[in-house]
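Heads up, the thing below is written out as structure tokens.
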Amino acid sequence: MQKQSKLAQIPQIRFAGFTDPWERRKLGEVADIVGGGTPSTAISEYWDGDIDWYAPAEISDQIFVNSSQRKITTEGLINSSAKILPVGTILFTSRAGIGKTAILAKESCTNQGFQSIIPHKKELDSYFIFSRTEELKRYGETVGAGSTFVEVSGKQMSNMNLMMPSLAEQTKIGELFANLDNLITLHQRKVEKLKKIKAAMLSKAFI
């Protein structure tokens with residue numbers, strides 16, 4: 001049993017130079033979990049400002065986000081439970097489709113449909129935790145509960161157990177998956193361009 005436990009703490013693929021076993025940590029120990037809020041829609045002074053304010057429907061397949069569809073004013077921020085989230089925060093949708101994620105490339109806030117993950121700078125790498133989106137999603141869907149629709153709370157997300165390596169190893173892993181995601185995006189753009197070329201040629205190739 002002891003041998004199996006030890007093996008469970010070491011991933012099958014690893015960067016050279018890293019030998020320490022991973023440690024089990026609660027997400028709330030290495031990050032702050034922050035909810036959002038919505039200013040009153042009846043007060044026009046709270047809206048159409050310069051503060052980005054995200055809703056879950058805006059989070060899809062993109063990795064980084066830097067401009068929301070709707071924006072609020074400083075007055076709207078002050079008079080709601082919305083909070084400014086720093087660059088590097090992982091937006092995590094907690095209702096209306098649990099588990100969609102994106103990384104903030106610009107300070108922003110969200111509505112109450114998120115439990116956003118703010119990594120502690122010396123403990124958690126943003127891209128490392130973003131790369132574990134499927135784990136976060138599965139956990140959120142498992143523990144979420146609600147009478148009208150499934151929802152996961154900030155406390156529940158804070159209690160999530162994750163195996164964690166050192167910050168240095170997290171950074172290396174994050175860089176690896178960031179490079180892979182960049183390649184995937186590049187090739188997807190090439191495929192879309194080729195599809196358009198094909199469609200144009202098809203329209204002219206036959207009588």
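Computation of the quantities below employed the complete heavy-atom set of this structure, encompassing side-chain atoms and omitting hydrogens, waters and symmetry-equivalent molecules.
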Requested in this report: For atom CZ of Phe177, decide whether the heavy atoms of other residues, nucleotides or ligands shown that lie under 6.0 angstrom number more than 12.
Outcome: no
Query raised in the report: Given Ile118, which of Val34, Ile90, Ile33 fulfils the side-chain contact (heavy atoms from CB on, under 4.5 Å) condition?
Result: Val34
Requested in this report: Taking all heavy atoms of Cys109 and all of Ile51, pick out the closest pair and write down the distance.
Outcome: SG-CG2, 3.9 Å
**Report entry** Heavy-atom side-chain contact between Ser108 and Tyr54 under 4.5 Å
**Finding:** yes
Query raised in the report: Under the salt bridge (Lys or Arg N to Asp or Glu O under 4.0 Å) rule, what pairs show up with a residue in residues 55-73, not counting sequence neighbours?
Result: Asp52-Lys71
Requested in this report: Please list all pairs passing the salt bridge (Lys or Arg N to Asp or Glu O under 4.0 Å) test where one or both residues lie in residues 79-95, with sequence neighbours left out.
Outcome: Arg95-Glu151
**Report entry** Reported CG-to-NZ distance for the pair Leu85 and Lys106, which is rounded to 0.5 angstrom
**Finding:** 13.5 Å
Requested in this report: Look at the side-chain heavy atoms of Ile, Leu, Val, Met, Phe, Trp and Tyr, link any pair under 4.5 Å apart, and say whether Ile103 and Leu27 land in one connected group.
Outcome: yes
Query raised in the report: Given the rule in the salt bridge (charged side-chain N to carboxylate O under 4.0 Å, His left out) test, do Arg132 and Glu135 qualify, once you have shown the distances and angles that lead to the verdict?
Result: CA-CA 5 Å; Arg132 301 179 76 168; Glu135 287 180 69; 2.8 Å; yes
**Report entry** side chain to side chain donor-acceptor pair (under 3.5 Å) partners of Lys100, counting only residues at least two apart
**Finding:** none
Query - Side chain proximity check, Glu123 to Met164, heavy atoms < 4.5 angstrom - result: no
Requested in this report: Using side chain to side chain donor-acceptor pair (under 3.5 Å) as the criterion, list what pairs up with Ser203, not counting sequence neighbours.
Outcome: none
Report task. Using the side-chain contact (heavy atoms from CB on, under 4.5 Å) rule, take Leu136 and Ile117 through it: C-alpha gap first, then chi angles, then the decisive distance, then the call. Result -> CA-CA 11 Å; Leu136 296 169; Ile117 303 166; 4.0 Å; yes
**Report entry** Test item: side-chain donor near acceptor, Ser81 and Gln112, under 3.5 Å
**Finding:** no
Query - Transitive ILVMFWY side-chain link Ile59 to Met157, under 4.5 Å - result: no
Report task. Applying side chain to side chain donor-acceptor pair (under 3.5 Å), name anything that partners Glu141, two or more places apart in sequence or on another chain. Result -> Lys137
Query - Ser126 side-chain N/O to Gly88 backbone N/O, donor-acceptor pair under 3.5 Å - result: yes
Query - Distance, nearest 0.5 Å, that separates OH of Tyr127 from CG of Asn179 - result: 9.0 Å
Query raised in the report: Does Glu169 come within less than 4.0 Å of Lys172, counting only side-chain N to carboxylate O?
Result: no
Requested in this report: Given side-chain hydrogen bond (donor to acceptor under 3.5 Å, both in side chains), test Tyr139 with Asn161 step by step and report yes or no.
Outcome: CA-CA 9 Å; Tyr139 174 82; Asn161 286 310; over 6 Å; no
Query raised in the report: Between Leu124 and Ala31, which heavy-atom pair has the shortest distance, and what is it?
Result: CD2-CB, 3.9 Å
**Report entry** ILVMFWY network linking Phe92 to Phe128, side-chain heavy atoms under 4.5 angstrom
**Finding:** yes
Query raised in the report: Under the side-chain contact (heavy atoms from CB on, under 4.5 Å) criterion, do Tyr46 and Ser80 qualify, and how do the steps go?
Result: CA-CA 9 Å; Tyr46 292 171; Ser80 72; over 6 Å; no
Requested in this report: Considering non-hydrogen atoms only, spot the tightest contact between Ile129 and Leu162 and give its length.
Outcome: CD1-CD1, 3.6 Å
Report task. Is it possible for you to say whether Ile98 and Phe130 belong to one hydrophobic cluster, with membership spreading through side-chain heavy-atom contacts below 4.5 Å? Result -> yes
**Report entry** Atom pair CG (Asn79) and OG1 (Thr74), whose distance is rounded to the nearest 0.5 Å
**Finding:** 11.0 Å
Query raised in the report: Should Pro56 and Asn111 count as side-chain neighbours, where that means a heavy-atom distance under 4.5 Å?
Result: yes
Requested in this report: Measure from the side-chain N and O atoms of Thr110 to the backbone N and O of Phe114, and report whether any donor-acceptor pair falls under 3.5 Å.
Outcome: no
Report summary line: In this structure, CD of Glu175 is separated from OG1 of Thr171 (nearest 0.5 Å) by 6.5 Å
Report task. Could you walk me through whether Phe15 and Ile173 pass the side-chain contact (heavy atoms from CB on, under 4.5 Å) test, one step at a time? Result -> CA-CA 8 Å; Phe15 287 99; Ile173 293 170; 4.0 Å; yes
**Report entry** same_hphob_cluster(Val65, Leu77) at 4.5 Å side-chain heavy-atom cutoff
**Finding:** no
Query raised in the report: Roughly how far, to the nearest 0.5 Å, is NE2 of His187 from CG of Leu194?
Result: 11.5 Å
Query - Under 3.5 Å donor-acceptor, Gln156 side chain and Val143 backbone - result: yes
Report task. With sequence neighbours left out, write down each residue that passes side chain to side chain donor-acceptor pair (under 3.5 Å) with Asp32, or none if nothing qualifies. Result -> His120
Report task. Working to the nearest 0.5 Å, report the span between OG of Ser131 and CG of Leu176. Result -> 8.0 Å
Query - Heavy-atom pair of closest approach, residues Thr133 and Gly99 - result: CG2-O, 3.5 Å
**Report entry** Test item: side-chain donor near acceptor, Ser60 and Gln62, under 3.5 Å
**Finding:** yes
**Report entry** Short side-chain donor-acceptor distance under 3.5 Å, Ser116 and Thr89
**Finding:** no
Query raised in the report: Does a side-chain heavy-atom distance below 4.5 Å link Val152 with Ser94?
Result: yes
Report task. Kindly give the heavy-atom pair with the smallest separation between Leu167 and Lys121, and that separation in Å. Result -> CD2-O, 3.4 Å
Requested in this report: Describe, in one word, how the ring planes of Trp47 and Trp53 are oriented to each other, choosing from parallel (under 30°), tilted (30 to 60°) and perpendicular (over 60°).
Outcome: perpendicular
